[in-house]
Each structure stands twice: as C-alpha cells, then as structure tokens.
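All values derive from a computational prediction rather than experimental measurement. Heavy-atom basis, side chains included; hydrogens, waters and symmetry copies ignored.
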Amino acid sequence: VALTLKAGDQAAFLESERLRFANINVDAACAAIISSCWEAMSEAGLRLKGFDTPVIVASYPLPRSTAEGERAVAKIRVLRRVELAAEAAAEEEAAKAAASAVSNNSPNVRPPLGSAPPPSPLAALRHPQRRRRASVISLGLPSGGSGAGSVGSPGSELGSSFDMESQYSDDGEGVTKSSLLYSPFQLNTRNRQISQMHMLRHRIRATKRKFNAEARRVLKAKAAAISAIEERNERIAVILSELDEPGEVVTPALSAEEMPSSVLSVSDAEMGIERFVPPEEVAAAEAARAAEEARLLLERGDDSGERALEEMMYGKVEERTKDALQVSLERPEWMDKPTTELTEEEVRAVKEFEARVQEAQEEAQKYRRALETELKKLRVANAEERAGFDATLAELFNARLRTDMSVCEDELRIIKLASSLLQRSRGAGREAALVDELEGTRVAAADAAHELAEFEAILDAARGEYEAARAEEAALEREFKTSLA
C-alpha cells in the first residue's frame, strides 16, 4: 500500500509539473498577444449596439503614436507657422506700399525701387484663409467646405460638432480657425508635399480621437440608461408579484464588444467547470466575512430603531400590500344563522361586517388599479429610455458616416500626394538616365567628329595621290603616243 501511495504521489507531482509548465507557456503567449495587440493601442475599438435597433456603431482603434512621429509633426507645425508669419508680413508690407502709392494721387508716382509690388488677385490663392476655395475646386468638392465640413454636425445630442473642414492647426486636436495646410497651388516642392502628408495624417488621427470621445460619451449614456431600466425593472418585478401576473422582466446589459477590456479577464460564468478554490482561500474568505460582520456590529451598536424600521419596511408593509389585494376578513359562524334568529345587535354587526368587506374590496380594487397604472408608467418609461438611446445611437451613426467621409477625403489626398512623390521620383530617375544618355551621346559624337576629321585627312591625301597618279599616267600616255609617231 505504501508503494502504491508513493507511486500515486509521484504521478500526481509529475502531472502538476506538466500542467505548471503548460500554464507558463500559455501565460507567455498571452503576454505577447497583450503586448502586441492591446498595449500597443492607445484606444481600443468598441462596437455600440442599440436596444431595439440593428444599428451598430464602431469606434476607431488607434495605435500608439511614436515619439519620432510626434517630433516630426511638431517640427513641421513650427516651420509652417514661421512660413505663414513671413507670408503675412510680406503681404502687410505690400499692402502698405500700395496704400502709400494710392494716397499720393499721382499716376506718375512709382513705388520705390526694391519694394514689394501691390497685391495681385493671385495673392488670394496664397493666403491661408482665401485658398480654401481653390482647394475645393482642385479636388472637385462642393464649394460649401473642404471635406466633411459641408455635411453639418450630428446635432446637439452629440455635443461638439464633427465639422471636419478641419482647418488644421498646431493644437492637439487639429481643429481651429487658423489653417496650417498648404493650398494645392503651393504643393510644388517635395518637402511641402511630405509636410502636407504628415499634417493630414495627424488631422486624421485627431478626427478619429474626436469621434471616439463622442462614442465613449454615448457608451456612458447607455450604461446610465441600463441602470435606470434596472431600477424600474426591480419595481416592475415587485408589482408583478403583488398582482400575481406571470411575466419575465428582461434587463439589458452591456455586451462584450462594448467593453473591450473584458477580453483580458475570464468570469466565473465563462468557466465550463467549477472553479477549484484552495482551502487557504476558503479560510481567508471566511475570516474576512467574520471580520466584516464584527465591524458592522460595532458600528451599528444599539440598532433597535433601524431594526424596527427594517421590519416595518420589509416585513409588515410588504405583507400589508400583498394582503391589500386579497380580502380575507374572517366571518363569524353566528352570522350564517337565518335573519329571523338574529337579534338587533347581531343584525347591526352583520351590516357593519358587510360594509367593511365592501370597503376592503374597494380598497383592493383601487390599489390594483394604482399598481397597474404604475406598472404601465414604468414600462412606458423603459420604452422611452430605450427609444431615446436608439435615437442618440442613430445620430452617432450619422456622425460616423461624416467622420468616415472626412477621413477618406484626407486619405485620398495623402494617396494623391504619395503618387505625386512617386512620379516625381520616377521622373527624377528617368531624367538622370536621360542626362547620362545625353552625355554619352555627346562623348560619342565628339569621338565620331574626331574620327571623321582623321578620315577626311586620309581621304584628302588619297585624293592627292590619285590625282598625281592620273596626271603621271596622262603624261606617260602622251609620251608613248609621241614616240610612236
């Protein structure tokens, strides 16, 4: 027996060690997943669901921004503010020069040499507040605004507007009155295009964060609505029990998709088996419960008044409300005797008893009608609560559509800028290749010209020799003919 027990203990130890190492592997995998998929996100995505509507609104999951990217955007904003200040100063100086020229009232007066010319109509395209129209025309958008700004706001129910005309600024949210974005007519250099892409990405992130804040506010409103409905449902359950009416009270709750952090924990309800509680935890829980009871007893002391009030509120009053719907006055047996056998006092007692029965029945009916009226009001209040939240969720859904439109417009601008940079890079590569080919062709042309000059010199020498040979041949021919004659 001792050997068998020892072998069993050894097998149990080996199995526990195997499970411990398996749990270590699982914990390591979970830690890696949490680090890469959860801690790497600055805002986790959630999906808001309605009570009685199939509408589902999802927020934007946002990864954490890198310090390098934040520094790059901050540097771009500073440089852009300096550039705008320089442009504003130049325009102010030009305006002053034009005003002084006009004040002279002389057509022959010319501005001093080196001064800035008066502002032209094209200056409106360079001004940060006047170039919006040009940007809209170049992208084929309505003239009412650039991007989602022309579609309005989600309404007062959702707080601040989602007007993402998004005059991108140097603040954290990216939405103010001053604009840092370049006009499409100013995107003529590679550095400006890259800066515009950085600012557009930052504006997209700010737009998503703004919508996520509204989504979290609506989620809090849903939690408050669920709490109010739960309180009413408790009263509805009490009323149904008093009326002895069958009915199931359903209380809504937040889903797992509306609580992203719930994926990191496992509740007891999700366990397929009963959780094993070690004896140490059981003893600790019992000790904590005993200590809490002792503390409450010390705090309460002589609680005879509280106990009387509790008994009145949860004992007698409850029984009285239940008995109010059931008239159960006990009728004495002597009242069942024939009327002829009753005395005058007994007849009066019978009439008084019947009057009390009638009064009790009327009170019961009155109390039942009051309970039914209260039940109807509670159900109507629950229905209004659910409908109100569904309407708010519908407005949030419309706001999500407008935000998607704004984000897609900015992403399209980024794609166009990236395409332009790619074409510029390819064009620069092609230009360098053509320049190299041109230089090679010029070198080949120079070599060919040198060879041509050498060939022409050889040809001239050969032509001279040929002419001399012909002249010599002609002379020999004449001399031969003379000798024959």
Side-chain angles (χ1 to χ4, degrees), residues 1-51 54-70 201 204-205 208-209 211-213 215-220 222-227 229-230 248 250-296 393 400:
V1 175
L3 294 176
T4 304
L5 291 176
K6 185 177 180 180
D9 292 340
Q10 184 68 19
F13 175 76
L14 294 176
E15 182 65 17
S16 64
E17 287 297 310
R18 186 188 66 81
L19 293 176
R20 187 171 69 84
F21 281 106
N23 290 335
I24 290 175
N25 294 332
V26 172
D27 291 340
C30 290
I33 293 174
I34 291 174
S35 176
S36 60
C37 301
W38 182 262
E39 295 178 354
M41 304 296 293
S42 63
E43 295 185 18
L46 57 90
R47 291 166 58 86
L48 287 169
K49 298 181 180 180
F51 290 119
V55 176
I56 298 177
V57 181
S59 66
Y60 295 97
L62 295 178
R64 295 186 183 276
S65 57
T66 61
E68 182 180 358
E70 292 294 333
R201 291 193 187 99
I204 289 174
R205 185 177 180 84
K208 292 181 177 180
R209 290 179 60 186
F211 177 82
N212 288 350
R216 288 192 297 269
R217 191 188 65 81
V218 174
L219 180 61
K220 292 181 180 179
K222 183 176 182 180
I226 290 176
S227 178
I229 291 174
E230 185 176 0
E248 183 180 0
V250 179
T251 301
L254 294 177
S255 63
E257 295 177 339
E258 294 171 329
M259 297 182 295
S261 59
S262 63
V263 300
L264 302 179
S265 60
V266 180
S267 62
D268 294 339
E270 295 176 339
M271 299 295 293
I273 58 176
E274 184 179 357
R275 179 176 177 269
F276 172 73
V277 182
E280 296 81 5
E281 293 186 11
V282 174
E286 290 293 335
R289 184 178 60 82
E292 182 67 17
E293 291 179 354
R295 185 185 65 82
L296 292 176
L393 188 64
R400 170 64 191 244

### Message
Can you list everything that forms a side-chain hydrogen bond (donor to acceptor under 3.5 Å, both in side chains) with Arg289? Sequence neighbours excluded, please.
### Response
Glu286, Glu293
### Message
With no hydrogens and no angle check, just 3.5 Å: does a side-chain donor-acceptor pair link Glu70 and Ser65?
### Response
yes
## Note on the structure
Residue set satisfying side-chain hydrogen bond (donor to acceptor under 3.5 Å, both in side chains) with Ser227, at least two apart, ordered chain then number -> none
### Query
With Arg205, which residues qualify under salt bridge (Lys or Arg N to Asp or Glu O under 4.0 Å), at least two apart?
none
### Message
With rounding to the nearest 0.5 angstrom, report the CZ to OG distance, Arg400 to Ser59.
### Response
7.5 Å
### Task
With the side chain counted from C-beta on, respond yes when Tyr60 and Ile204 share a heavy-atom pair under 4.5 Å apart, and no when they do not.
no
### Message
By the salt bridge (Lys or Arg N to Asp or Glu O under 4.0 Å) test, which pairs, at least two apart or in different chains, include something from residues 250-267?
### Response
Arg47-Glu257, Lys49-Glu257, Lys222-Glu258
### Task
State which residues pass side-chain hydrogen bond (donor to acceptor under 3.5 Å, both in side chains) with Ser262; sequence neighbours excluded, sorted by chain then number.
none
### Query
Judged by atom type as modelled, is there a donor-acceptor pair below 3.5 Å linking the side chain of Ser16 to the main-chain atoms of Ala12?
yes
### Query
Are there more than 12 heavy atoms of other residues, nucleotides or ligands under 6.0 Å from atom CD of Glu68?
no
### Message
So Glu43 and Arg216, do their side chains get closer than 4.5 Å, heavy atoms only?
### Response
yes
### Pairs touching residues 19-30 that satisfy side-chain hydrogen bond (donor to acceptor under 3.5 Å, both in side chains), sequence neighbours left out
Glu17-Arg20
